Amino acid sequence: MPMANIQAKLDLLVGALDGQDAGAIIAATEDLATAVILFRGSAIPNGGEAEARTLITRTLAQLEAAAIRVNVLKDWTRQRIDANHQIRGTHHRGLALNY
């Protein structure tokens, strides 16, 4: 079932986010996007609606958890950038350093 594939790809993304590995995050994001596209084009087999609903509910909860991880990483990165500016005595130079 394509939904199970989405779950597997999402698990990889969460692992990449937890590992703070930029390359793995990019690869896992692309794999997840591909899995979602394939899921959107597939049909749920007869009798599989309850399982699909359960998988979708669990996947949505994990997507929310992944979004929280992204926000935490973004905040940590912003703090590191700010600390580096403070150490160097420099200041922000425009939008390139803002989210």
Side-chain angles (χ1 to χ4, degrees):
M1 177 181 252
M3 191 65 204
N5 190 32
I6 289 177
Q7 183 64 47
K9 300 300 181 184
L10 182 57
D11 290 341
L12 290 175
L13 176 58
V14 169
L17 288 167
D18 287 344
Q20 299 180 18
D21 180 349
I25 291 169
I26 291 168
T29 301
E30 291 171 353
D31 289 347
L32 178 59
T34 300
V36 168
I37 290 167
L38 293 174
F39 172 72
R40 292 178 77 187
S42 68
I44 296 173
N46 289 335
E49 292 86 2
E51 180 185 1
R53 215 174 259 119
T54 300
L55 284 170
I56 289 170
T57 300
R58 187 172 64 207
T59 301
L60 288 174
Q62 282 193 293
L63 283 170
E64 187 174 333
I68 291 169
R69 284 175 170 86
V70 167
N71 287 335
V72 168
L73 288 174
K74 181 176 77 170
D75 187 52
W76 286 348
T77 301
R78 174 85 271 156
Q79 289 175 15
R80 286 185 207 138
I81 290 170
D82 290 344
N84 283 333
H85 281 295
Q86 190 172 28
I87 290 168
R88 292 180 184 160
T90 59
H91 56 81
H92 300 289
R93 292 191 175 104
L95 294 176
L97 296 175
N98 293 329
Y99 298 120

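Nothing fancy with the numbering, it's 1 onward along the sequence. Keep in mind that this is a model prediction, so the values were computed, not measured.
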| said: Quick one about Gln79 and Asp75 (side-chain donor to acceptor, distance below 3.5 Å, no hydrogens or angles considered), yes or no? | reply: yes

Is the shortest side-chain heavy-atom distance between Leu13 and Lys9 below 4.5 Å? no

Subject >> Same cluster (ILVMFWY, side-chain, under 4.5 Å), Leu17 and Val72 >> reply: yes

By side chain to side chain donor-acceptor pair (under 3.5 Å), Asp11 pairs with (sequence neighbours left out) Gln7, Gln62

(Q) Please say yes or no: joined through hydrophobic side-chain contacts below 4.5 Å, possibly via intermediate residues, are Ile68 and Leu12 part of one cluster? (A) no

Separation between CG (Asp82) and OG1 (Thr77), nearest 0.5 Å, reads 11.0 Å

Output side-chain donor-acceptor pairs under 3.5 Å for residues 19-33, partner residues at least two apart or in another chain, one line each.
unit_1 : atom_1 : unit_2 : atom_2 : d
Asp21  : OD1    : Gly23  : N      : 3.2
Asp21  : OD1    : Ala24  : N      : 3.4
Thr29  : OG1    : Ile25  : O      : 2.7

Any link between Leu10 and Val36 through a network of hydrophobic side chains (Ile, Leu, Val, Met, Phe, Trp, Tyr) touching at under 4.5 Å?
yes

Contacts of Asp18 meeting salt bridge (Lys or Arg N to Asp or Glu O under 4.0 Å) (sequence neighbours excluded), chain-then-number -> Arg69

